[in-house]
Each structure stands twice: as structure tokens, then as C-alpha cells.
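As C-alpha cells, the structure follows; a few thoughts come after it.
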Amino acid sequence: GRGRHRRPAHRMSDPASPADRSKGPSREEKRQMRSAARLYAVQALFQMEASGQTLDAVRQEFETHRFGAVYEGEEMAEGDPDLFRKTLEDALNWQAKLDQMTDRALVAKWPSGRIDPTLRALFRAAGAELIEGEAPPKVVINEYVDVARAFFPEGREPKFVNAVLDHMAREAKPEAF
């Protein structure tokens, strides 16, 4: 089949189609991709803990089947793969430290017996970004409060997440406050 190879793999370098040369995602699209990556990171960390799957297995499943996939007519957002990977890797590398930070924050706010596995995953992802990420702490907090709202639309969890992450952020990056 000669016909299969007519179009170059990277259309952007094809001089015959200048119309296809997009400027890449807009600032708003990039922001949405980062938000989606944070939500996926929480889901992936939850899944790893629940199933005992490895980082690579879960990462591959998410990047292959979830990013931009369509389920029941609902298109899943395209996630920022770099932020997704970095958040997962940092959450695993720093898990003990992050869990200790979470415990210190919980003591101040809530009995740790109340902690839901989804929230544990969320605190690990958010904490990883607070200690290793580039976004300002206030952005990280707002983003993960939104993630909590997606998982717990009716509950008090988003307020709880806000309080715990504020505590963790002040410990991780006191200079930002």
C-alpha cells in the first residue's frame, strides 16, 4: 500500500498545508488541560492504591484510554501529560512525607479516621504539586478544591480540602504567604 504513506506523520511540517499549522493550545486550553491532569492524577493515585497496579500501568491506561476519550457521549478532557506524569511521580516519591504533612494538617482540622481514599489521593497529588510543582500555592489549592467539588458535589469535602491544603501549603511554601 503506497497510498498509506502519502501524508507525513507530523502535519505541521508539511509545507503543502499551511492551514493546519495551528498555534497550539490557547492559554485557556492549557489551563483546562492542567485542570484535567490534576483530576486524572487523583483518579490514578486512587486506582493505584485500590488495585495495587504500578505507576507505569496506571499512567499508560490513563494516557491511552482516558485523555480525550469519549464515554457515553461525554468527551473526557484532554489532560496535560507532563503535569499528570510529574504529579504522579512526585506523589509516589514523596508519599511518606506527603502523608505526614496531611496528618499534621488533619490533626488541626478533622479526625484522620474520617479520611476517604479519594481525599487521600487528592492530598497526595496536591501535596506533590505544593512541594515540587511550579504553580503558586493559591492556584494549586483552588484547583484541587475544584477537583474535590467534582468528586463531592454535595458534600462538605471541598471546604475541608481547602482548609487542609491551606495548612499543607503554609508548611511546604511558607514564603508564598
Side-chain angles (χ1 to χ4, degrees), residues 1 4-14 20-102 115-137 139-153 157-158 161 164-165 168 172:
R4 268 202 338 226
H5 298 290
R6 271 203 312 257
R7 187 168 287 286
H10 296 289
R11 294 176 70 175
M12 287 175 76
S13 62
D14 180 357
D20 287 343
R21 216 173 278 180
S22 74
K23 298 179 296 296
S26 68
R27 279 187 60 178
E28 178 58 22
E29 286 165 339
K30 283 184 179 159
R31 195 190 65 72
Q32 288 173 352
M33 286 171 73
R34 287 192 299 272
S35 295
R38 291 175 173 115
L39 181 82
Y40 291 142
V42 172
Q43 291 177 323
L45 288 166
F46 172 85
Q47 187 172 319
M48 283 171 64
E49 188 175 57
S51 68
Q53 284 172 288
T54 64
L55 169 73
D56 288 335
V58 170
R59 190 184 70 207
Q60 202 170 356
E61 178 192 325
F62 271 77
E63 290 179 4
T64 307
H65 300 295
R66 307 231 183 161
F67 281 30
V70 176
Y71 288 105
E72 296 163 13
E74 286 282 312
E75 189 173 349
M76 306 279 283
E78 193 63 56
D80 175 331
D82 296 332
L83 179 59
F84 175 72
R85 284 184 199 139
K86 180 167 172 37
T87 303
L88 282 188
E89 285 161 13
D90 291 340
L92 285 182
N93 290 338
W94 296 99
Q95 187 169 308
K97 177 181 178 171
L98 295 169
D99 288 352
Q100 288 163 2
M101 279 174 71
T102 304
I115 193 97
D116 170 289
T118 304
L119 290 177
R120 192 164 39 246
L122 185 148
F123 292 137
R124 286 173 181 162
E129 217 179 326
L130 288 170
I131 59 174
E132 290 287 326
E134 288 157 31
V139 170
V140 175
I141 292 169
N142 288 336
E143 284 283 301
Y144 283 98
V145 167
D146 283 347
V147 170
R149 227 172 256 129
F151 286 114
F152 305 101
E157 287 85 354
V161 164
V164 172
L165 291 183
M168 289 172 73

Spacing of [X] atom [atom1] and [Y] atom [atom2] [to the nearest 0.5 Å]:
{"X": "Asp90", "Y": "Arg85", "atom1": "CG", "atom2": "CZ", "value": "13.5 Å"}
{"X": "Met48", "Y": "Asp56", "atom1": "CE", "atom2": "CG", "value": "9.0 Å"}
{"X": "Arg38", "Y": "Leu83", "atom1": "CZ", "atom2": "CG", "value": "5.0 Å"}
{"X": "Phe84", "Y": "Met33", "atom1": "CZ", "atom2": "CE", "value": "12.5 Å"}
{"X": "Leu119", "Y": "Phe151", "atom1": "CG", "atom2": "CZ", "value": "9.5 Å"}
{"X": "Leu122", "Y": "Leu165", "atom1": "CG", "atom2": "CG", "value": "6.5 Å"}

Minimum heavy-atom distance [X]-[Y], with the two atoms named:
{"X": "Ala91", "Y": "Ala128", "value": "N-CB, 3.5 Å"}
{"X": "Gly79", "Y": "Ala36", "value": "CA-CB, 4.0 Å"}
{"X": "Ala135", "Y": "Glu129", "value": "CB-OE2, 3.9 Å"}
{"X": "Leu88", "Y": "Ala44", "value": "CD2-CB, 3.8 Å"}

### Query
When Val58 is tested against each of Gln43, Gln53, Glu63 for side-chain contact (heavy atoms from CB on, under 4.5 Å), which residue passes?
Gln53
### Query
Going by an N to O cut-off under 4.0 Å, is there a salt bridge joining Glu89 and Lys86?
no
### Query
Charged N to carboxylate O under 4.0 angstrom, Arg120 versus Glu49?
yes
Contact check, side chains of [X] and [Y], non-hydrogen atoms, under 4.5 Å:
{"X": "Leu98", "Y": "Ile131", "answer": "yes"}
{"X": "Tyr40", "Y": "Thr87", "answer": "no"}
{"X": "Phe123", "Y": "Ile115", "answer": "yes"}
{"X": "Glu143", "Y": "Arg31", "answer": "yes"}
{"X": "Glu132", "Y": "Trp94", "answer": "yes"}

### Message
Counting neighbours of CD on Glu28 that are heavy atoms of other residues, nucleotides or ligands and sit closer than 6.0 Å, is the number greater than 12?
### Response
yes
### Query
For atom CD of Gln60, is the number of surrounding heavy atoms from other residues, nucleotides or ligands below 6.0 Å larger than 12?
no
### Donor + acceptor pair across side chains of Asp116, Thr118 (<3.5 Å)
yes
